[in-house]
Amino acid sequence: MIRVIVWLAAMLVCLASCTDSSRYVLALPENAAWVSSVDVWNISQKAGLNAEKGRAMAENLKAMLGSGLDGSERLIDRIVENPAESGLDLRDKVYFFVSERAVAAGILVRIADKGKLRDLIEAFGRQNLCSPMQDSNGCEWTIMGQTLVACSDAALLVMKPLQKNSPEDLQRQAAMLLRQKEGEGFTSTPDYRKLAEAAGDVVSVASLELLPDRYLTVLTMGMSAELRPEHVKVLFVLRFEDGRAVMDIQALVTDKVVNALVEKQLEAGSSVKGTYLDKFPSSAGLWMAVNADGGKVFALLNENPTLRRQFETSMIPVDFEAIFGAVCGDVALVMPDPLHSKAFIAYADVTNRNFLHTFESLKPMLALTGGQMKLMDKGEDAYEFRAADASVLNLGRGPAAFWFGVRDNRFYITNREELIDKKVLGWSLRDAEWGSRVEGKRFFAAANLSQVMGGMDYMTVESADGRNAVVEVVMKDRRTNILQQLLQAAGF
């Protein structure tokens, strides 16, 4: 009998501890437009902060905190030596969220010892860094700068207004969130289950409702009024690995308007063949490619009333349908050195060159500009366009020049004439480590990062199905975790 009682007591203790450690997540808002879970503990281990480097960073943090908290040195010493002395438990995930229409942002952390947390906040108060703690609406709260800090027995909730509200305006909302129970809030949604089940160091779910109205209106201009932004969501799963960081991006779209649009976009393209990998050296700064049926793309664009009016009322008297209709196959854009130059060249497979005749109709109109804009022949099926002031084309102030034409059934346009059919000496992009992954993708982009930071190698963005994508950042050192490398590059 005694054994049974002891066993039951142990079970109750375990259940209570499990409940306490998970209760804090109930404070996540159900209508959040962005929620991220961050495995701070795992990230710190991968970054090597449990070794000498961690102690060195802790001493730097101690000096920084101590300089602003005169008289609280012993408290800061305790927290630096043992972060649990702050009253927070960072072994559980830390959550970040943004409310719909980006009205406010918040951070949610589990409280392990409320007494220790109160000591820390009181230390801040003695230095006039926050207002005295108040108890109202079922939670304790204070104002720290432009931020509301509120807490229950289980959760610390930090919220900041992103628009015109003051932090005091968020107190009632914070109290409601901290009082949420099982079956309420974000934890009752399928999105939370996806967040909890995903294996990543940082996992996020975001919807179109993240955008303020002014941006959302522009993005959805001309689309059906039936579009529901809250039904257009994306799951991001970020992992920090040896020599690289990988982000998987999964579409979670249940809106019928957007799904119909995506289906049409997929029908307007096909898998990339990698035609233009051989046109550029392996050192090229930025390269991206899709495969498109230009006629279907043009038809799709014209389904949007706003874009259709742009084509119909354009001041440029060219046959846009003929231009788009000639494109069928790979389309690629490259910027040889985007960090130091705006030079670019784009190529597209075309079925004919007849569409070039539509540019002839521009010459009489440009002749009326008194030399401010010119279109000149540069040989067979080739043109040069010059503008004394590119601002009239919304391309920025100052002169501009473009060369375009068709060679070997490939259309090209560039702002640097020397890039046209420039020969590749040595390895091409096809020889790059990622080159063999291009063929068969619906989209592929790659950037050379070696000039951005010494230890970096490259970044790729690829989509196999046109709906989901993978982003990868690769370092030259493939054996050391990317977080350790980034910290070292930052001087830690």
Side-chain angles (χ1 to χ4, degrees), residues 20 23-32 34-36 38 40 58 60-90 92-181 185-186:
D20 287 341
R23 219 164 26 103
Y24 78 111
V25 300
L26 297 176
L28 289 170
E30 181 177 10
N31 62 350
W34 179 294
V35 179
S36 292
V38 182
V40 176
N60 291 336
L61 178 63
K62 174 182 172 180
M64 180 179 68
L65 292 174
S67 64
L69 292 174
D70 295 336
S72 302
E73 290 85 357
R74 291 183 61 187
L75 174 62
I76 299 303
D77 283 345
R78 294 205 314 268
I79 293 174
V80 170
E81 289 298 323
N82 181 11
E85 290 296 315
S86 66
L88 303 176
D89 193 342
L90 297 181
D92 281 294
K93 293 179 180 178
V94 176
Y95 289 85
F96 297 83
F97 64 86
V98 179
S99 62
E100 56 185 346
R101 301 296 186 266
V103 174
I107 302 174
L108 181 64
V109 187
R110 186 173 89 82
I111 294 177
D113 189 321
K114 191 172 181 180
K116 292 179 179 179
L117 176 62
R118 189 181 288 112
D119 289 343
L120 177 61
I121 293 176
E122 288 176 354
F124 287 145
R126 289 193 294 272
Q127 306 303 323
N128 296 318
L129 297 177
C130 65
S131 61
M133 289 286 286
Q134 301 183 51
D135 191 343
S136 61
N137 293 319
C139 74
E140 294 182 76
W141 61 279
T142 181
I143 301 297
M144 186 176 295
Q146 293 299 310
T147 302
L148 172 78
V149 180
C151 60
S152 64
D153 291 336
L156 172 70
L157 186 59
V158 181
M159 297 183 68
K160 179 180 178 61
L162 299 179
Q163 297 182 21
K164 296 181 180 180
N165 294 345
S166 66
E168 289 86 353
D169 296 333
L170 299 174
Q171 191 275 324
R172 180 178 175 82
Q173 179 185 356
M176 293 175 61
L177 293 175
L178 290 170
R179 291 200 302 268
Q180 289 183 151
K181 298 179 175 60
F186 184 74

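Positions are given from 1, in the same order as the sequence printed here. Since we're looking at a predicted model, the values are computed, not measured.
With sequence neighbours excluded, the residues that form a side chain to side chain contact (heavy atoms under 4.5 Å, CB included) with Thr142 are Ile121, Cys130, Ser131, Met133, Val149. In terms of the side-chain hydrogen bond (donor to acceptor under 3.5 Å, both in side chains) criterion, residue partners of Asn31 (sequence neighbours excluded) are, by chain and number, Glu100.
Val38 is listed as a side-chain neighbour of Phe96, based on a closest heavy-atom distance under 4.5 Å. Residues Glu122 and Arg118 are in side-chain contact: their nearest non-hydrogen atoms beyond the backbone lie under 4.5 Å apart. Side-chain contact between Leu28 and Tyr95 is present, with at least one heavy-atom pair separated by less than 4.5 Å. Lys114 has its side chain within reach of Cys151: a pair of non-hydrogen atoms, C-beta onward, lies under 4.5 Å apart. Looking only at side-chain heavy atoms (C-beta outward), Cys139 and Gln171 come within less than 4.5 Å of each other. No side-chain heavy atom of Pro161 sits less than 4.5 Å from a side-chain heavy atom of Ser166. A 4.5 Å side-chain heavy-atom check between Leu178 and Leu157 finds at least one atom pair inside the cut-off.
The NZ atom of Lys181 lies 8.0 Å from the CZ atom of Arg179; values are rounded to the nearest 0.5 Å. In this structure, Leu117 CG and Ile111 CD1 are separated by 5.0 Å, a value rounded to the nearest 0.5 Å. Note that CH2 of Trp141 and CD of Glu168 are 6.0 Å apart. Values are rounded to the nearest 0.5 Å. Rounding to the nearest 0.5 Å gives a distance of 8.5 Å between CG of Asp153 and CD of Glu140. Atoms CG and NZ, on Leu120 and Lys116 in that order, are 12.0 Å from each other to the nearest 0.5 Å. Atom CG of Leu90 sits about 10.0 Å away from atom CZ of Arg110, to the nearest 0.5 Å.
Of the possible donor and acceptor atoms, none in the side chain of Ser99 sits under 3.5 Å from a partner among the backbone N and O of Ala102. Listed for the Asp92 side chain is no donor-acceptor partner under 3.5 Å among the backbone atoms of Asp89.
Counting non-hydrogen atoms of neighbouring residues, nucleotides and ligands closer than 6.0 angstrom, the CD atom of Gln146 reaches no more than 12 such neighbours.
Among Leu156, Leu88, Val109, Leu108, the single residue meeting the side chain to side chain contact (heavy atoms under 4.5 Å, CB included) criterion with Val94 is Val109.
Residues Met144 and Phe124 come closest through the heavy atom pair CE-CD1, 3.6 Å. Across all non-hydrogen atoms, the minimal contact from Ala174 to Met159 is CB-SD, 4.0 Å. Considering every non-hydrogen atom in both Phe97 and Val35, the closest pair reads CB-CG2, 4.1 Å.
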Show the numbers, then the answer: is there a side chain to side chain contact (heavy atoms under 4.5 Å, CB included) between Leu148 and Val158? CA-CA 6 Å; Leu148 172 78; Val158 181; over 6 Å; no

